[in-house]
Chemist: 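What follows is a single structure, and I will ask about it in a moment.
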Amino acid sequence: MKLNSVPSRQGAQWVRMGVRTFFRQPLALSGLFFMFLALASILSLIPIIGNLIALVLLPGITAGFMAASREARDGRFPMPWMLITAFRQNKASLQAILTLGVMYAVAIVLAMGASALVDGGQFARIYLLGGNLTVDLVKDDSFLLAALVATALYTPISLLFWHAPALVHWHGVAPVKSVFFSFMACRQNLGAFFIYGMAWIGLSMATGMVVAMVGSVLGDADTVGAIMVPTMMLIAAMFFTSQYFTFVDSFDIPTGETP
């Protein structure tokens with residue numbers, strides 16, 4: 001398995017492939033995404049450690065969603081159990097994907113710790129422990145700066161872990177090596193990932209504007225909110241679907257290997 005270099009324009013193609021694949025099995029893929037949200041919501045009810053558990057499980061869930069995207073691409077209906085397929089293999093595979101999850105959770109906690117140096121931990125507490133944003137917090141310059149610091153630190157973390165779940169799940173790559181190869185693959189195709197990110201931001205903003213225009217025509221703010229939330233969730237489900245295509249294009253996978 002070798003790293004591939006793709007042109008920058010491939011980033012837009014990843015978005016198109018994700019959207020197209022989503023609409024091949026919209027009920028299944030949106031259902032899997034809502035299952036993930038429901039799981040995260042349930043875990044968030046557990047004091048202190050609930051959100052940390054969700055972070056540990058996220059790489060495995062990501063691998064499961066990528067497996068579901070592959071099924072949809074091939075015209076098959078992704079079954080609900082595919083969301084946890086990365087946790088259903090042998091003991092060694094389960095240990096590897098959980099180790100990757102712990103690494104991811106530690107990285108996020110460290111990023112939140114760095115942001116706490118800016119605002120005394122207000123942003124980190126809301127992110128890790130839950131809570132509601134207040135008007136005073138949003139107006140607090142230190143809170144906003146902490147959010148910017150956390151976002152800046154999350155960018156390299158996302159590059160490190162972007163391909164890692166698939167490498168661990170499908171190819172048995174050791175967690176530490178998977179993080180290294182993930183970062184190198186993202187670095188090698190940085191132009192494509194930039195276009196990919198900008199395309200998703202543009203699509204999300206355009207969708208939000210359309211929903212807002214519909215609401216202005218109807219003159220009902222409640223209708224806008226009722227439409228906006230599920231619509232943005234569907235966009236997020238399409239985004240998760242597209243991750244599979246970033247992986248298969250970034251690596252030269254020998255014939256006969258999964259995926």
Chemist: Linking I/L/V/M/F/W/Y whenever any side-chain heavy atoms sit under 4.5 Å apart, do Trp81 and Phe77 land together?
Modeler: yes
Chemist: Could you check whether any side-chain heavy atom of Val102 comes within less than 4.5 Å of a side-chain heavy atom of Val106, counting everything from C-beta outward?
Modeler: yes
Chemist: Hey, which of Asp249, Asp252, Val248 is the one that makes side-chain contact (heavy atoms from CB on, under 4.5 Å) with Asn4?
Modeler: Asp252
Chemist: Go through the steps for Phe22 and Phe240 under the test side chain to side chain contact (heavy atoms under 4.5 Å, CB included), then give the verdict.
Modeler: CA-CA 9 Å; Phe22 175 84; Phe240 270 82; over 6 Å; no
Chemist: Less than 4.5 Å apart, side chain to side chain, heavy atoms only: is that true for Arg73 and Phe245?
Modeler: yes
Chemist: Identify whether Phe143 and Val118 are in the same connected component of the hydrophobic contact network (ILVMFWY, side-chain heavy atoms under 4.5 Å).
Modeler: no
Chemist: Do the side chain of Thr21 and the main chain of Gly18 share a donor and acceptor less than 3.5 angstrom apart?
Modeler: no
Chemist: To check you understand the geometry: which heavy-atom pair defines the closest contact between Ala96 and Val168, and what is its length?
Modeler: CB-CG1, 3.7 Å
Chemist: With rounding to the nearest 0.5 Å, note down the distance linking CH2 in Trp170 to CD in Gln89.
Modeler: 10.5 Å
Chemist: Hey, are the side chains of Phe87 and Ile61 touching, using non-hydrogen atoms and a 4.5 Å cut-off?
Modeler: yes
Chemist: Using the rule that two of Ile, Leu, Val, Met, Phe, Trp, Tyr join whenever any of their side-chain heavy atoms come within less than 4.5 Å, decide whether Leu110 and Leu145 are in one cluster.
Modeler: no
Chemist: What is the distance from atom CG of Leu57 to atom CG of Leu83, rounded to the nearest 0.5 Å?
Modeler: 10.0 Å
Chemist: Does Val149 form a side chain to side chain contact (heavy atoms under 4.5 Å, CB included) with Leu153? I'd like the steps, not just the answer.
Modeler: CA-CA 6 Å; Val149 169; Leu153 292 174; 4.0 Å; yes
Chemist: Write down the atom of Tyr104, the atom of Ile157, and the distance for their closest heavy-atom approach.
Modeler: CE1-CG2, 4.1 Å
Chemist: Which heavy-atom pair separates Ala192 from Pro7 by the least distance, and what is that distance?
Modeler: CB-O, 3.7 Å
Chemist: Tell me, do Val179 and Leu100 make a side-chain contact under 4.5 Å, heavy atoms counted?
Modeler: yes
Chemist: So, the side chain of Ser182 versus the backbone of Leu159: is there a donor-acceptor pair under 3.5 Å, distance only?
Modeler: yes
Chemist: Could you state the interatomic distance from CE (Met66) to NE2 (His163), rounded to the nearest 0.5 Å?
Modeler: 8.0 Å
Chemist: Looking at side-chain heavy atoms only, is the closest gap between Leu203 and Phe239 below 4.5 Å?
Modeler: no
Chemist: If we only count heavy atoms from C-beta on, is the Thr241 to Phe33 side-chain gap below 4.5 Å?
Modeler: no
Chemist: Would you call Leu167 and Lys177 a side-chain contact if the rule is heavy atoms closer than 4.5 Å?
Modeler: no
Chemist: So if you build clusters from Ile, Leu, Val, Met, Phe, Trp, Tyr with side-chain heavy-atom gaps below 4.5 Å, do Met238 and Met233 land together?
Modeler: yes
Chemist: Which heavy atom in Ala86 sits nearest to a heavy atom in Ala63, and how many Å separate them?
Modeler: CB-CB, 4.0 Å
Chemist: Treating Ile, Leu, Val, Met, Phe, Trp and Tyr as nodes and any side-chain heavy-atom pair under 4.5 angstrom as an edge, say whether Phe181 and Leu190 lie in one connected cluster.
Modeler: no
Chemist: Test Tyr154 against Ser115 for side chain to side chain contact (heavy atoms under 4.5 Å, CB included), laying out the working first.
Modeler: CA-CA 11 Å; Tyr154 183 74; Ser115 74; over 6 Å; no
Chemist: Can you tell me how far the CD1 atom of Ile84 sits from the CE atom of Met35, to the nearest 0.5 Å?
Modeler: 7.5 Å
Chemist: Phe161 versus Met103: any side-chain heavy-atom pair under 4.5 Å?
Modeler: yes
Chemist: Considering the options Trp14, Trp162, Tyr196, which one meets the side chain to side chain donor-acceptor pair (under 3.5 Å) requirement together with Thr246?
Modeler: Trp162
Chemist: Return the orientation label for the His171 and Phe247 ring planes: parallel under 30°, perpendicular over 60°, tilted otherwise.
Modeler: tilted
Chemist: Should we say atom CZ of Phe180 is surrounded by more than 12 heavy atoms from elsewhere, each under 6.0 Å from it?
Modeler: no
Chemist: If you count the non-hydrogen atoms of other residues, nucleotides and ligands that lie under 6.0 Å from CZ in Phe194, is the total more than 12?
Modeler: no
Chemist: List the steps and the verdict of side chain to side chain contact (heavy atoms under 4.5 Å, CB included) for Asn51 and Ser44.
Modeler: CA-CA 5 Å; Asn51 287 334; Ser44 69; 3.4 Å; yes
Chemist: Minimum heavy-atom separation for Ala185 to Leu3, with atom names?
Modeler: CB-CD2, 3.9 Å
Chemist: Enter the distance from Ser158:OG to Phe183:CZ here, rounded to the nearest 0.5 Å.
Modeler: 10.0 Å
Chemist: Against Glu71, only a single residue in Arg76, Arg24, Gln25 fulfils side chain to side chain donor-acceptor pair (under 3.5 Å); can you say which?
Modeler: Arg76
Chemist: Distance check, rounded to the nearest 0.5 Å: Ile46 atom CD1 versus Leu52 atom CG?
Modeler: 10.5 Å
Chemist: What are the two closest non-hydrogen atoms of Ser250 and Asn189, and how far apart are they?
Modeler: OG-ND2, 3.7 Å
